[in-house]
Amino acid sequence: MKIAIFQMDLAFGSPEENIEKVKRWASNMESADVVVLPELWTTGYDLPNLKHMNDHFNQTVNVLKDLAVKHQVHIIGGSIAKSHQENIYNTMPVIDQKGSLVHEYSKLHLFKLMDEHLHLKEGNDDPSFTLDDIHFAGFICYDIRFPEWIRKSVLNGAKAVAVPAEWPAPRIDHWITLLKARAIENQVYVIACNRVGSDHANEFGGHSLIIDPWGKIIAEGSDQEEIIYGEIQAEEVEEIRKRIPIFDDRRVDFY
Ligand SMILES: O=C(O)CCC(=O)C(=O)O
């Protein structure tokens with residue numbers, strides 16, 4: 001499965017501009033089976049204005065559905081603000097190459113350091129979905145600091161973990177270390193898309209990553225805009241799990 005990570009800079013509070021960029025990049029990319037976008041890629045962290053964007057999620061998902069069909073690609077659509085019953089969620093849509101919305105996951109852990117709890121509601125979704133027979137789990141940014149949440153989805157069968165993010169540059173070493181650890185401890189692929197550029201409060205660090213189940217970095221972004229390509233093979237997960245059988249060796253009577 002060929003992956004293309006769109007490591008974009010985002011125009012703050014300007015969905016039209018960001019959507020146009022995604023359309024442009026999709027037209028220019030090399031062939032891929034799956035495109036991965038960053039967290040809140042249509043708006044950036046323009047959190048106070050999200051409440052005025054009622055149908056924004058559905059409208060943007062419709063654009064992604066058209067793109068998926070046009071380019072015959074699955075899209076792990078980063079995340080997009082979604083209004084639902086007086087609340088706003090930070091929600092990842094997954095669209096398959098036939099243009100169907102096959103999954104939604106709203107960020108479970110809100111990041112107080114960036115005021116998410118003041119504007120957003122935490123989700124309560126199952127992170128699992130399947131693309132081309134590969135069992136994925138999707139998490140959003142701060143979620144990766146909660147290894148037990150990721151382990152739970154791996155115990156439920158996930159072989160690859162997708163992580164859209166807006167991770168600030170000053171903690172980029174945490175980003176790389178945590179993602180490598182999640183790959184090694186769970187023996188899964190990690191596919192992580194971080195934005196670049198800055199807004200009034202933060203500079204974002206890029207370094208999007210594709211990491212194999214042994215913890216080896218297959219592809220890594222710089223701190224500039226680019227598409228990062230890499231390939232994952234589900235059989236590799238079983239291979240690594242045979243070599244060091246941590247899932248057989250767990251002491252479930254103790255933890
Ligand atoms: O955990 C971190 O250091 C960054 C998290 C973050 O930026 C986010 O969840 O949006």
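Keep in mind that this is a model prediction, so the values were computed, not measured. One-based numbering, in listed order, for ligands and for the atoms of each.
Residues Arg182 and Pro147 are in side-chain contact: their nearest non-hydrogen atoms beyond the backbone lie under 4.5 Å apart. Put simply, the side chain of Trp25 does not reach to within 4.5 Å of the side chain of Val35, judged on heavy atoms.
Asn62 places no side-chain N or O within donor-acceptor distance of the main-chain N or O of Gln59, the cut-off being under 3.5 Å. Between the side chain of Lys21 and the main chain of Asp9, a donor-acceptor pair closer than 3.5 Å is present. A distance-only check finds no donor-acceptor pair linking the side chain of Trp214 to the backbone of Glu236 [under 3.5 Å].
Heavy-atom separations between Glu39 and ligand 1 include at least one value shorter than 4.0 Å.
Ranking protein heavy atoms by distance to atom 7 (O) of ligand 1, first place goes to Glu166 O, 3.2 Å. In terms of protein heavy atoms, atom 6 (C) of ligand 1 is closest to Cys141 SG, 3.2 Å. Among all non-hydrogen protein atoms, the one lying nearest atom 1 (O) of ligand 1 is Arg145 NE, 2.6 Å.
Those atoms of ligand 1 with a heavy atom of Glu116 less than 4.0 angstrom away are 10 (O). Numbered from 1 in the order shown, with element, the atoms of ligand 1 that lie under 4.0 Å from a heavy atom of Phe111 read 1 (O), 2 (C), 3 (O), 4 (C), 5 (C), 6 (C), 7 (O), 8 (C), 9 (O).
Distances from atom 10 (O) of ligand 1 to the heavy atoms of Phe139, Tyr45, Tyr142 show the closest one on Tyr45. With distances taken over non-hydrogen atoms, the option nearest atom 3 (O) of ligand 1 out of Arg171, Lys107, Lys112 is Arg171.
The six-membered or imidazole ring of Phe57 lies away from that of His84, with a centre-to-centre distance of 6.0 Å or more.
Taking the six-membered ring for Trp and thresholds of 30 and 60 degrees, His200 and Phe12 have ring planes more than 60 degrees apart, a perpendicular arrangement.
Contact annotation for Ala165 and ligand 1: no heavy atom of the residue comes within less than 4.0 Å of the ligand.
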